[in-house]
Amino acid sequence: MEERYNPKVVEDKWQKIWADNNSYQVTEDASRKKYYLLEMFPYPSGKIHMGHVRNYSIGDVIARFKRMQGYNVLHPMGWDAFGMPAENAAIQHKSHPAKWTYENIAYMRGQLKTLGLSYDWDRELATCDLDYYKWEQKIFLEMYEKGLAYKKMSPVNWCPKCETVLANEQVEDGCCWRCDSTVEQKELNQWSFAITRYAQELLDDTYQLPGWPERVLVMQRNWIGRSVGCEIDFPVEGGMSKIKVFTTRPDTLFGATFMSLAAEHPMALQLASASQREAVEAFIDKVKRSDRLKRGAEDQEKEGVFTGAYCINPLTNVKMPIFLANFVLLEYGTGAVMAVPTHDQRDFEFAKKYDLPLKVVINPEGETLDPATMTEAFTTEGVMVNSGRFDGMANTDAKEAIADFLEKEGIGKKTVNFRLRDWGISRQRYWGNPIPVINCDICGVVPVPAKDLPVVLPMDAAFTGEGGNPLAKVESFVNCSCPQCGGAARRETDTMDTFVQSSWYFLRYCSPKFQGGPLDRDKVEAWMPVDQYIGGIEHAVLHLLYARFFTKVLRDLGYCNVDEPFKNLLTQGMVIKDGAKMSKSKGNVVDPNALIERYGADTARLFSLFAAPPEKDLDWSDQGVDGSYRFLSRVWRLVFEVLPAIKNAGAVDTAALSGEAKNLRRAVHKTIKKVSEDVEDRFHFNTAIAAVMELVNAIQAFNQKAAPENVAVVREAVESVVRLLAPFVPHFAEELWSELGHAETLDQAGWPGYDAEATVDEEITVVVQVNGKLRSKLTVAPDIAEEAAKAAALADEKVQPFLEGKSVKKVVYVPGRLVNIVVA
RNA sequence: GCGAGAGUGGCGAAAUUGGCAGACGCACCAGACUUAGGAUCUGGCACCCUAGGGUAUAGGGGUUCAAGUCCCCUCUCUCGCACCA
């Protein structure tokens, strides 16, 4: 190897060695502690972007660090390969989604390999492989048997551009998460997973995940949206029917003066009186037509219509007019709300607009509210009034008391309501996992029998772009016979949401080639849970909630014994350039290929790790990349410069060390300690790299006054630099390590330990403050006695002027740090 | 509106337990060398001021011998939820 740093040569060499030796292939090994490190697998969109480079660089540092520490590290990679873009590309290029996808995978795999990432490529999988999705069909059918997968007619989110259904989690601000089109509402017969059955456990377990960022947990808790309250029945006047409401405020029941129903409420039309019928129909029509986006906005004017019907307040027996209101949501609670205008702001505004009665049932402590003069609802805590036997109670106590009373009287019952809805997984698209059922006119929905699995996605679909699901037009796929009655039947043409595949891929990585089922239980037990998961914050509710749900389902189906899939989660920040997220439209994209071509993968990795801590956004700077490259070149030169002198250096003779050499050795061991802690405890790679840079500076400074008898110290210093850099810039470090005369690789050499004794300072700096202001610094022995330190501080000549004419009130001593003299 | 997080030099950032604010790097300035380079090395680099100081971590107040760090108020930004009964 030459003395000039040539990343291309170095990187090609080591990538070949790693590939030839299968260096990162792992098998279960009971003798070592396991570490399962996973980055969210990419969608094969065509080529990798800087976000990938950052994500996978972060992961690779941890993988290599843990490996050097002696862990048996599982570090797999694969492809989230089903999805819309492949289908769109097929239409555009008159090709096939499979071709596009597998070509992209091949190209992107090559790109990842040029980054020198330490994956066990033997475990690679793509979710569009038959060998993957066939097992998912088996899981689906088992979920179907348990009622966890079901089909029903329901209102769904429909993306007109993607021509498919979206789950609630996939609608952002009323728009499609992928293409940003405005989402419409449609009534469709579609498949769902009963994630709501796991709502409570999914919520509870967020409190068992200390290794997750709090904000992700909070987002999941909000999404699950548990609220405790009551269901209460209100009899409709002059009829047998009842309206059921959900409320978290049973304490306000005596103040309920009218009723609000969602426009889509099933009773809406039948309640309408003859005279109101026209108005009610017009209102329902208007609400249905108003788009979801606007309807959700809080500043939307509250509107409603009187149905002409009344119900009875079960506690006061007062007649309550029944309204339809645009702010009541059918999906939440029972789609009906008891309106308490005095204690709910929405009801207050509604009552004012339609001139409905107000009745105060809670007063603020020591005050009396007058409905005639109220300008807003009173929603905080207070004392019960106008509520019969509950008068005088704190309203917080009355919640419980009234709820108990309602239960006793059979009027209502305590319930828990969740905001979480079941996960709609039907997608009216071709490039996905076919839902393995058959629709028979006689037998209804019939699951595909185990012997007929898998349902293979047919390759002869046509991608015309003319709308509709291409799969539904493949006659040979659609037409089949009913497994139950044998009659002619039609195969289901909906495919599964691609988030289904990403909900269990981390489990499949434990036994990616297993043919006995989706998962090899022993292997899963050996590797799971994922010790460290790394990915973008954008999946805080989507993928990360689905994956938790799926893990629990697979546990309950007997496939594994894991409750939570990801022990620790790191959400890395975005890559920003010129103040905006990198995107084609902004023209601020940095192409990883060009970067690697010019500087090498190690520089690209180093910069993306050095510029910011992983969880923060990273501000890309071309000049910063130059700086990282310069640093590596400097280390390279340093090694070759000292190589002839240190080649035959022996071990450091610690007893004989003194002066600068001893200081250098102290710096070496302090750096090892700091880098180990920064990487291990905090993932603060930026400060770890900064510490190595400082050490390099120290070695260079030392070298300028190099004394030949200190070659052993220099060798130790240089070798430590190389070893500490190994997780960050692996090709670079391996090359220098071998140049330094080592036959074993850095992985085999392991992570350096430090000599605690060598880190002990001979002298320390004690800061002297007067009234908290820095006035002097003392250089003293580390074990200086308190009195000696104080005396030295008081006697210091820089301190003296500040003491003149004043009296010393107090002297504070913080051992080894400072003396603060308080004067007045 | 509610919830979470953030605000530190020209820039990216450090400061781990309340104890020297600005490590490390970028940019910039000066110098050295020169086969003139997007090279390397040396030094400087928060602000104000002549030394000695003084002032600075969004703004204001507080606790403390001591506050970027803890408490209260205000402002700004980012993210999430958003009429959830």
Side-chain angles (χ1 to χ4, degrees), chain A residues 4 172-173 213-223 225-227 229 245-249 252 256 260 262 295-302 325-329 331-340 343-347 349-350 417-419 537-538 540-541 576 598 607 610-613 615-631 633-634 637 674 677-678 681-682 684 686-694 696-697 700 704 765-777 798 801 809-823:
Chain A
R4 205 181 138 75
E172 295 168 350
D173 281 337
E214 188 60 23
R215 68 171 174 146
V216 174
L217 296 174
V218 168
M219 281 162 72
Q220 293 213 354
R221 284 173 203 144
N222 289 343
W223 189 262
R226 180 182 194 264
S227 50
V245 305
F246 171 76
T247 182
T248 56
R249 297 293 305 274
T252 63
S260 305
R295 201 180 157 191
E298 195 173 352
D299 49 16
Q300 170 90 346
E301 171 90 27
K302 296 199 175 16
N326 62 349
F327 63 89
V328 179
L329 308 170
E331 313 88 72
Y332 188 78
T334 61
V337 183
M338 68 173 204
V340 185
H343 304 294
D344 181 284
Q345 187 58 26
R346 292 156 300 178
D347 296 342
E349 286 168 30
F350 196 84
N417 193 58
F418 290 95
R419 214 177 67 112
I537 186 74
E538 65 272 19
V541 178
I576 304 283
R598 182 156 166 185
F607 177 73
F610 176 62
E615 67 277 8
K616 283 187 79 166
D617 285 349
L618 182 150
D619 205 336
W620 194 264
S621 146
D622 293 334
Q623 286 158 332
V625 178
D626 276 327
S628 292
Y629 182 77
R630 273 204 296 270
F631 170 70
S633 302
R634 202 146 61 89
R637 258 183 278 120
K674 176 168 172 58
E677 288 168 356
D678 279 357
D681 308 338
R682 311 197 299 163
H684 279 202
N686 56 333
T687 53
I689 292 165
V692 178
M693 287 175 170
E694 278 186 84
V696 170
N697 292 344
Q700 283 189 316
Q704 293 186 337
T765 302
V766 169
V767 169
V768 184
Q769 297 178 335
V770 178
N771 285 349
K773 291 217 164 107
L774 176 68
R775 296 302 178 192
S776 185
K777 292 178 183 181
K798 287 194 195 130
K809 296 283 176 201
K810 187 172 169 184
V811 180
V812 179
Y813 178 60
V814 181
R817 286 193 180 264
L818 65 77
V819 178
N820 189 10
I821 303 164
V822 185
V823 298

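Every chain is numbered from 1 and lettered A, B, ... according to where its sequence line falls, protein lines coming before strand lines.
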Atom [atom1] of [X] to atom [atom2] of [N]: distance rounded to whole Å?
| X | N | atom1 | atom2 | result |
| --- | --- | --- | --- | --- |
| Gln769(A) | U64(B) | CD | P | 17 Å |
| Asp678(A) | C24(B) | CG | C1' | 12 Å |
| Arg215(A) | G80(B) | CZ | P | 9 Å |
| Asp344(A) | G1(B) | CG | C1' | 14 Å |
| Ile689(A) | A14(B) | CD1 | P | 12 Å |
| Phe246(A) | C84(B) | CZ | C1' | 9 Å |
| Leu818(A) | A21(B) | CG | P | 10 Å |
| Asp626(A) | A39(B) | CG | C1' | 12 Å |

What I'd like to find out is whether the side chain of Val337(A) reaches to under 4.5 Å of the side chain of Thr247(A), using heavy atoms alone. no

Quick one, Leu818(A) and Val768(A) - any side-chain contact, counting heavy atoms below 4.5 Å? no

Provide the Watson-Crick or G-U wobble partner of [N], both distances under 3.5 Å; none if there is no partner.
| N | result |
| --- | --- |
| C75(B) | G7(B) |
| G31(B) | C41(B) |
| C24(B) | G12(B) |
| G1(B) | C81(B) |
| G53(B) | C48(B) |
| C65(B) | G19(B) |

Kindly point out which of [options] is positioned nearest to the side chain of [X]?
| X | options | result |
| --- | --- | --- |
| Ala690(A) | A85(B), G19(B), A23(B) | A23(B) |
| Arg682(A) | C65(B), U16(B), A21(B) | U16(B) |
| Val218(A) | G25(B), A85(B), G3(B) | G3(B) |
| Lys777(A) | C26(B), C20(B), C41(B) | C20(B) |
| Gln623(A) | C41(B), A85(B), A27(B) | A27(B) |

[X] vs [N]: side-chain N/O to OP1/OP2 distance below 4.0 Å:
| X | N | value |
| --- | --- | --- |
| Arg346(A) | C84(B) | yes |
| Arg221(A) | C2(B) | no |
| Lys773(A) | A67(B) | no |
| Arg4(A) | U40(B) | no |
| Arg630(A) | C26(B) | yes |
| Arg775(A) | G53(B) | no |
| Asn686(A) | A14(B) | yes |

With a 4.0 Å cut-off on heavy atoms, is [X] in touch with a base, just the backbone sugar-phosphate, or nothing at all?
| X | answer |
| --- | --- |
| Val767(A) | base |
| Ala611(A) | sugar-phosphate |
| Phe610(A) | base |
| Gly333(A) | nothing |
| Asp347(A) | nothing |
| Pro613(A) | sugar-phosphate |

No-H, no-angle donor-acceptor pair, [X] side chain to [N] base, under 3.5 Å:
| X | N | answer |
| --- | --- | --- |
| Lys810(A) | C65(B) | no |
| Lys302(A) | C83(B) | yes |
| Asn820(A) | C65(B) | yes |
| Lys674(A) | U16(B) | yes |

On RNA chain B, nearest-nucleotide positions of Asp617(A) versus Glu677(A): which is more 5'? Asp617(A)

Taking for each residue the nucleotide of RNA chain B bearing the nearest heavy atom, is the 5' side occupied by Lys798(A) or by Arg249(A)? Lys798(A)

Counting distance only, does the side-chain N/O of Asp347(A) pair as donor-acceptor with the main-chain N or O of Val340(A) below 3.5 Å? yes

Hey, is the main chain of Ala339(A) close enough, under 3.5 Å, to the side chain of Asp344(A) for a donor-acceptor pair? no

Expected label for G68(B) (glycosidic angle, syn inside 90° of 0, else anti) would be anti

Rounding to an integer number of angstrom, what distance separates [N] and [M] when you compare their [atom1] atoms?
| N | M | atom1 | answer |
| --- | --- | --- | --- |
| A15(B) | G60(B) | C1' | 25 Å |
| G9(B) | G61(B) | C1' | 26 Å |
| G44(B) | G62(B) | P | 39 Å |
| A30(B) | U78(B) | C1' | 41 Å |
| A56(B) | A67(B) | C1' | 14 Å |
| A66(B) | C20(B) | C1' | 12 Å |
| U76(B) | C29(B) | P | 38 Å |
| C26(B) | C33(B) | C1' | 24 Å |

For Asn820(A) and Arg775(A), which I'm curious about, is there any donor-acceptor pair between the side chains at under 3.5 Å? no

How about Tyr629(A) and Phe607(A): are their ring centroids closer than 6.0 Å? no

Here the gap from Glu677(A) atom CD to His684(A) atom NE2, rounded to the nearest 0.5 Å, amounts to 13.0 Å

Report, as yes or no, whether the 6.0 Å neighbourhood of atom CZ on Arg221(A) holds more than 12 heavy atoms from other residues, nucleotides or ligands. yes

Is the closest basic N to carboxylate O distance between Asp678(A) and Lys674(A) below 4.0 Å? yes

Pi-cation contact, Phe327(A) with Lys302(A) (under 6.0 Å, within 45°): yes

